[in-house]
Structures are given as C-alpha cells and as structure tokens.
Peer 1: 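Below is one structure. I have some questions about it.
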Amino acid sequence: MKRWNIRQIILYSHDNLRHEITFEVEQVNIITGDSQTGKSALPEIIDYVLGASECHIPTYVRRSVSWVGLVWKKKETEFAMFRRVPRAPYKSSSDMHFISGKNINVPKQADDIPCSTNLDGALKKFERLIGIGDVQSEVFGAQRDRHTISIRSAIPYLLQDDNIITNKNTLIRGIDDYQRRQTIIDALPYYFGVTDEATIEKEIELKNLKKQLKRLEKNSSEDEQISSSTKAYSLLHQAAQLGLCEAPPFGATDFVVNSMLLKISQWNPYSDSSLLEERLTDLYEQLSAQQNEVISIKRRINYAKKSIQLAQDFKSTATNQQRRLSVINIFKNPVNPVSCPLCQQSLKEEIEPIKQINESVKKVQLDLDNVEKERPRLDKYIAYLTELLASAEEKISLINEQISALIKENETLEAGLDLKDRRNRLVGAVNLYLDAVEKVASNSSSSLPSELSTLRERINNLSLEIDIESRKEALENVERRIAAIAKEIISVLPFEDRYRDNPLYLNLRDLKVGVSLPTRIEYMRDVGSDENYLSLHISMMLAMHRHFAELNRPVPGVLLFDQISRPYFPSDDVTEMVEIGEDRDNDTKALLQYFDLLFNEVKRGESLQIIVIEHAYFNNHPEYQKAVKKRWKKGIDGLIPIGWPEKD
C-alpha cells in the first residue's frame with residue numbers, strides 16, 4: 001500500500017455516542033440512500049477535519065454532532081485526527097486531537113477526546129506523515145508572495161462534490177473561490193512534481209552563493225584599491241610630516257616603499273591603548289567568534305547531508321530488497337508461517353524460514369516508513385542551518401567593514417588630535433595597506449581566482465537548473481501527459497462522438513479543460529451536455545491520481561465522487577428509481593460504464609481508494625452491491641442515527 005487511504009469517518013454525539021463509517025482501502029466504496037440522509041455531509045466532514053477555515057457541514061448534522069474524525073491508513077500505520085464541531089454562531093473550532101501508530105485505539109466517546117493540540121499542530125503532523133516538506137509555492141517570477149505548501153492545497157484533488165462533478169466551468173473544488181484560487185494554482189507545480197524539496201534547496205543554495213560571490217568580489221576590489229602605489233606614497237608623505245620617517249626618495253621602488261611602511265607599522269607609542277584600540281580589539285574578538293561559528297555550522301551541515309545521503313542509500317537498498325520480495329507477492333500477501341507460500345496448503349507445524357521471511361518483510365517496510373518520515377525534518381534542518389550560515393557570514397563581512405571604517409583616516413577629526421593620536425591613526429592606515437598588499441599577493445598566487453570561477457560556474461548551472469522557463473516547460477509536459485492519460489480513460493466512457501477521436505486539453509496554469517480540435521480548443525463550457533462534463537471530470541481526476549501515484553507525490557490516494565448518476569437520474573426523480581432492475585435502458589448502460597471504469601481503476605494496484613456517494617442502486621450488479629457500505633433509508637437510518645439529541 002503506497003498511498004494514504006481513509007479507513008473510517010467517525011461522528012460523536014452530544015451524549016457520548018459514536019457512529020462510524022468504515023471503508024475498504026484500495027477499493028471502491030459506495031454510500032447510497034435517499035435524499036436528506038446525510039450523504040452530502042461526507043465531503044464537508046473530510047474537508048473540515050483537514051483544516052477548512054469554516055465548517056460547512058450541513059446544519060442539521062452539526063446540531064447532533066460534537067466531534068468529527070478521520071482515521072487514515074497506510075500499510076500498518078494509522079493516523080486518526082479529530083476536530084470539534086462549532087456551535088452557532090461560531091464558524092469553526094481549532095480544537096484538535098490526533099493519534100498515530102499501529103492498531104490505534106479510537107476514543108469511544110466524545111468525553112475521551114482530549115484537546116491535545118490546535119489545528120496547525122495536527123495538520124503539520126499529518127503533512128510530515130504523507131511527505132510534505134518545508135517548501136514554498138511556485139509563482140514563476142510573478143510579483144506576489146510565495147506561501148508554505150500545506151495539505152489544504154491538496155484537498156481539490158480528493159473531493160468532487162455535487163457542485164463540481166458536472167460543473168461546466170470548474171474542474172476542481174475551490175478554484176471558483178477568488179481567495180483560494182491562486183493558492184491552489186501556486187501549489188500545483190509542487191504536487192505535480194515540477195518543483196520539490198530539492199528545487200527549494202537549490203534556490204537557497206543559489207541565493208547564498210550569489211551573496212558569497214558578491215562579498216569576495218567586493219573584498220578583492222577593495223584590497224586592490226587600498227594597495228595601490230599612489231596610496232603607498234601618500235602614506236609615506238603623511239608619515240614624514242608626523243616625524244615617523246624620512247621623506248621617500250624620488251623614484252623609490254615598490255620594495256623600498258613597502259619596507260619603509262613596514263618599519264612605520266612597527267612604531268610603538270609606549271602608551272595605554274586608546275579607545276580606538278579597545279574598540280578594534282573587541283571587533284577582532286567578535287570576528288574570531290563569528291569565524292568559529294561558521295566552522296561549526298558548516299560541520300553540522302556536512303553531518304546532516306551525510307545523514308541524508310546515508311538515508312537515501314539505505315532507502316535504495318531497502319527498496320531493492322522490497323522489489324526482490326515483491327516478485328513472490330510477499331508485500332501484498334504476507335506469508336502465513338503455517339501454510340505453504342507456493343500452494344497455500346496448511347502445514348502441521350510452523351516453519352522457521354517462512355517466519356523469518358515475514359519478519360524481514362515487516363522490518364523492510366518499517367525501515368522504509370521511517371526514512372520517509374525523517375527526510376522532511378532533515379531537509380528543514382539543513383535549510384535552517386544554511387540560513388544560519390549566511391547570517392554568520394554576513395556578520396563577518398559587517399565586522400570587517402567596521403574594522404576598516406575605524407582604521408581609515410578621518411580628515412575632519414584629525415585636526416583635533418594630538419601628535420600621538422595622529423601617529424596612531426596613520427600606523428593603523430599603514431597596517432591596513434600592508435594587509436591589503438599581502439592579500440592581493442596571496443590571491444594572485446592562491447586559489448581565489450579559481451574559487452571565483454567555480455562560484456560563477458555553479459551559480460550559472462543552478463540558474464539553468466531552476467530556470468523559470470524550464471519549470472514552465474516541465475509543467476507543460478505534465479499537462480500533455482495528464483491529458484493523454486485522460487484521453488485513454490475517456491475512451492471507455494460516454495462521450496460525444498464528434499469529440500471522441502480528438503486529444504483532450506488541460507492548462508494547469510488556470511485549470512481549464514477542453515477538447516483539442518484541429519483548428520481550436522473547444523473548452524469544457526462549450527462542449528455542452530452534463531454527460532460530457534461528467535466524463536471530462538472523471539477522466540481528468542483519475543489521470544491526475546495516476547500521475548501522483550507514479551511520481552509518489554504527497555497526495556492521499558483518495559478520490560470522492562458525489563452522485564455520478566446526476567446526468568441520468570436527477571435527484572428529484574431518484575426516490576422512484578432507487579433500485580434499477582434487469583431492464584437496462586440506455587441511461588443505465590451508460591451509468592454502468594462509469595462504475596465499471598472505477599472498479600477497474602482500483603485494480604491497477606496504485607493504492608487508489610474511490611468513495612462514491614450515490615442515489616442509484618444496481619440490484620443486478622454483484623460488484624456494485626459488494627462495494628456498497630451503507631444504504632440509508634429516510635426516517636430509518638442515515639449519517640445521524642435516530643435518537644441523537646440536537647443542540648443549537
């Protein structure tokens with residue numbers, strides 16, 4: 001099981017009763033029933049528990065419910081999250097509780113649910129479990145703020161409610177809300193694999209390398225200016241005026257000039273340190289401390305990167321082991337120690353090798369899960385250290401600038417200084433000059449030119465790797481790929497003949513859908529017919545989930561459809577058509593094509609779970625009947641059990 005599925009939806013009454021709906025993972029699950037039995041509340045419950053800013057669970061349900069919860073499952077790991085239902089006039093509640101582990105114990109009553117965390121804490125925990133790292137959305141260079149990716153931006157790919165599934169203008173939930181629209185679109189490149197944690201890491205590296213290059217180029221340029229021969233003669237003439245040396249001979253060589261300046265730099269005033277010297281001493285101490293801090297941070301970054309590399313190597317090894325074991329279908333069907341793994345015949349006694357295989361399988365699965373959970377934390381830690389390193393290097397640069405500023409000659413103050421102070425300042429300027437000469441000489445014979453060249457090359461390569469145009473091109477490739485998959489899917493669904501042989505069109509920058517005709521794009525609104533809208537919605541959503549599964553993107557493997565039968569049996573007529581018998585008319589046959597597709601889709605083995613909320617019931621379709629988990633009758637049962645007390 002590669003993706004997270006919903007195991008249960010749980011409701012708690014005001015008098016400590018619990019009602020739950022249990023789903024099969026990696027299967028089609030159908031909830032049927034009359035109108036006003038609570039079916040339409042299910043997508044709103046899922047949305048609310050997953051962090052909706054406002055609770056849109058129908059009022060008649062909210063009056064009878066105190067808490068709602070979801071139990072998620074992936075392999076042997078379960079994650080339950082619960083959120084308090086707000087009472088009027090409040091629109092939401094931040095009271096949350098979550099439980100994580102194997103074979104978790106779900107609270108039996110509302111009084112057993114502690115308010116152990118807030119909304120942000122519970123969502124962050126779930127995001128780490130499904131693999132959402134500390135990443136920012138993609139704005140492709142637009143002049144607007146980027147935001148942190150969260151599970152909220154993945155909700156549109158999970159829920160196709162009754163307002164969306166046959167909507168002629170809107171493909172996914174929330175896109176018609178102006179405030180949410182841009183957030184969903186900006187997060188889309190991350191969920192579709194165009195950007196990821198590695199891309200964000202490269203962006204941070206590029207930013208820091210540019211700062212480093214600018215600092216080195218600036219320092220090198222300043223040293224060259226300070227160490228000029230004109231500056232050297234000026235310093236010697238000032239020293240001669242202050243009685244620190246003889247006037248430099250005409251035409252003196254650089255060697256002679258530098259030798260004279262070196263003697264001047266060794267002048268000792270035989271007095272207490274001046275205020276300037278005290279400040280310089282303090283700055284040099286700060287400089288040393290910051291340099292040590294940089295060394296420490298770099299060491300921690302190296303350790304963290306080694307940890308990630310070791311984790312990746314281990315994950316690769318474990319994945320290879322998993323693939324070897326999957327040859328005999330061990331991961332999907334664990335071996336029973338008291339049955340033959342080949343013929344499934346019962347054995348009289350437990351066989352130790354088979355038991356060991358089972359233990360190996362569980363260990364490999366547990367190790368892989370642990371690697372997936374820890375990677376986002378390491379990514380976030382490295383990003384934090386990288387920012388810390390950049391800050392420390394900026395402080396070093398600032399301290400150096402302060403030192404230079406203190407040493408440089410200030411003509412406006414010099415007039416008021418006595419001879420000793422003027423000599424002190426000049427000696428400091430000479431020392432600065434000699435240091436610059438040494439640095440320039442050292443740089444010319446050292447690796448600085450090579451370092452600058454390497455930095456520029458790395459900056460250029462990173463700029464190309466995360467180039468906006470390259471990412472736009474990658475997004476367009478995803479669009480074409482998903483449209484091609486959707487074209488394959490829609491070929492088995494009811495769809496107008498004049499469009500059937502044409503490619504489908506998808507634009508992920510504005511989420512427009514249509515049919516690509518030879519001379520134009522026929523957008524979904526112009527295609528017409530609820531049946532065509534339905535087929536486009538279902539084919540595109542299934543194609544997206546195939547893409548998510550193949551790239552192992554952090555989107556739960558859940559897809560909810562609310563009333564697929566809408567184009568064929570409007571809700572007003574369905575009370576007379578709850579059961580559809582042997583007489584299969586054209587509408588019934590068309591509707592069955594959708595369900596046959598859904599049953600076949602979950603059999604692909606990509607951990608997709610499909611939940612269908614439906615009025616129709618096929619009493620002559622065994623697979624459909626087996627998938628029905630609830631069949632509610634108005635006045636008899638429903639989402640809210642008869643007798644639950646109501647509160648305003």
Side-chain angles (χ1 to χ4, degrees), residues 4-23 38 41-74 77-132 134 147-155 158-159 180 373 376-377 380 554 556 558 639-641 643-648:
W4 286 89
N5 287 182
I6 295 176
R7 181 59 178 159
Q8 288 181 323
I9 294 178
I10 304 176
L11 293 80
Y12 293 89
S13 71
H14 297 292
D15 57 350
N16 279 323
L17 296 177
R18 185 180 78 180
H19 181 55
E20 58 194 39
I21 305 172
T22 301
F23 300 99
L42 295 178
E44 299 300 342
I45 290 174
I46 295 172
D47 186 37
Y48 180 66
V49 176
L50 287 177
S53 58
E54 294 184 3
C55 179
H56 292 292
I57 300 173
T59 304
Y60 73 92
V61 175
R62 291 173 58 182
R63 285 201 299 261
S64 300
V65 176
S66 58
W67 286 78
V68 288
L70 298 175
V71 179
W72 295 87
K73 184 177 179 64
K74 178 183 178 184
T77 302
E78 294 180 333
F79 181 78
M81 51 199 311
F82 307 88
R83 189 176 183 185
R84 190 188 299 276
V85 176
R87 303 266 64 80
Y90 301 105
K91 295 182 178 180
S92 67
S93 171
S94 62
D95 293 346
M96 295 282 292
H97 176 61
F98 67 82
I99 312 168
S100 181
K102 295 182 179 179
N103 300 318
I104 60 175
N105 292 319
V106 175
K108 295 182 179 180
Q109 54 187 25
D111 290 346
D112 295 334
I113 305 176
C115 180
S116 59
T117 185
N118 58 18
L119 182 61
D120 184 64
L123 294 183
K124 287 293 184 185
K125 175 66 175 179
F126 187 52
E127 287 166 1
R128 289 196 296 270
L129 279 177
I130 65 177
I132 298 177
D134 185 23
H147 58 272
T148 301
I149 299 291
S150 73
I151 186 62
R152 291 300 305 160
S153 298
I155 302 300
L158 310 184
L159 306 176
R180 292 190 60 194
K373 292 177 185 177
R377 297 180 184 177
K380 186 174 183 179
V558 175
L639 179 65
I640 302 301
W644 274 27
E646 295 185 0
K647 286 187 178 181
D648 290 329

Peer 1: Quick one: do Glu54 and Asp47 satisfy side-chain contact (heavy atoms from CB on, under 4.5 Å)? Show the steps, please.
Peer 2: CA-CA 10 Å; Glu54 294 184 3; Asp47 186 37; over 6 Å; no

Peer 1: Go through the side-chain N and O atoms of Gln8 and Thr22 and say whether any donor and acceptor fall under 3.5 Å apart.
Peer 2: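 Yes - a donor-acceptor pair under 3.5 Å links their side chains.
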
Peer 1: From Ser93 OG over to Tyr48 OH, what is the distance, rounded to the nearest 0.5 angstrom?
Peer 2: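 One finds 5.0 Å between OG of Ser93 and OH of Tyr48.
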
Peer 1: Would Trp4 and Thr77 count as a side-chain contact (heavy atoms from CB on, under 4.5 Å) if you check the C-alpha gap in whole Å, the side-chain angles of each, and the deciding distance to 0.1 Å?
Peer 2: CA-CA 9 Å; Trp4 286 89; Thr77 302; 3.8 Å; yes

Peer 1: For the atom pair CD1 (Ile151) and CZ (Arg128), what is the distance rounded to the nearest 0.5 Å?
Peer 2: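 Reported value, rounded in 0.5 Å steps: 13.5 Å.
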
Peer 1: Which distance, rounded to the nearest 0.5 Å, do you find between the CG of Leu70 and the CD1 of Ile46?
Peer 2: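 Here the rounded value is 6.0 Å.
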
Peer 1: Could you tell me whether Tyr90 atom OH has more than 12 heavy atoms of other residues or ligands within 6.0 Å of it?
Peer 2: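 At most 12 heavy atoms, drawn from other residues, nucleotides or ligands, come within 6.0 Å of this atom.
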
Peer 1: Output the distance between atom CH2 (Trp67) and atom CD1 (Ile10), rounded to the nearest 0.5 Å.
Peer 2: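 Spacing of CH2 (Trp67) from CD1 (Ile10) equals 12.5 Å.
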
Peer 1: When rounded to the nearest 0.5 angstrom, what is the spacing between CD1 in Ile640 and CZ in Arg63?
Peer 2: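 If I round to the nearest 0.5 Å, the distance is 10.5 Å.
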
Peer 1: Under the rule for ring-ring contact (aromatic ring centres under 6.0 Å, His included), what residues qualify as partners of Trp644, not counting sequence neighbours?
Peer 2: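 Applying ring-ring contact (aromatic ring centres under 6.0 Å, His included) to Trp644 gives none.
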
Peer 1: So, does Arg83 use its side chain to make a donor-acceptor pair with the main chain of Ser94 at under 3.5 Å?
Peer 2: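 No.
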
Peer 1: Rounded at 0.5 Å granularity, tell me how far OG in Ser92 sits from NE2 in His56.
Peer 2: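 Reported value, rounded in 0.5 Å steps: 9.5 Å.
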
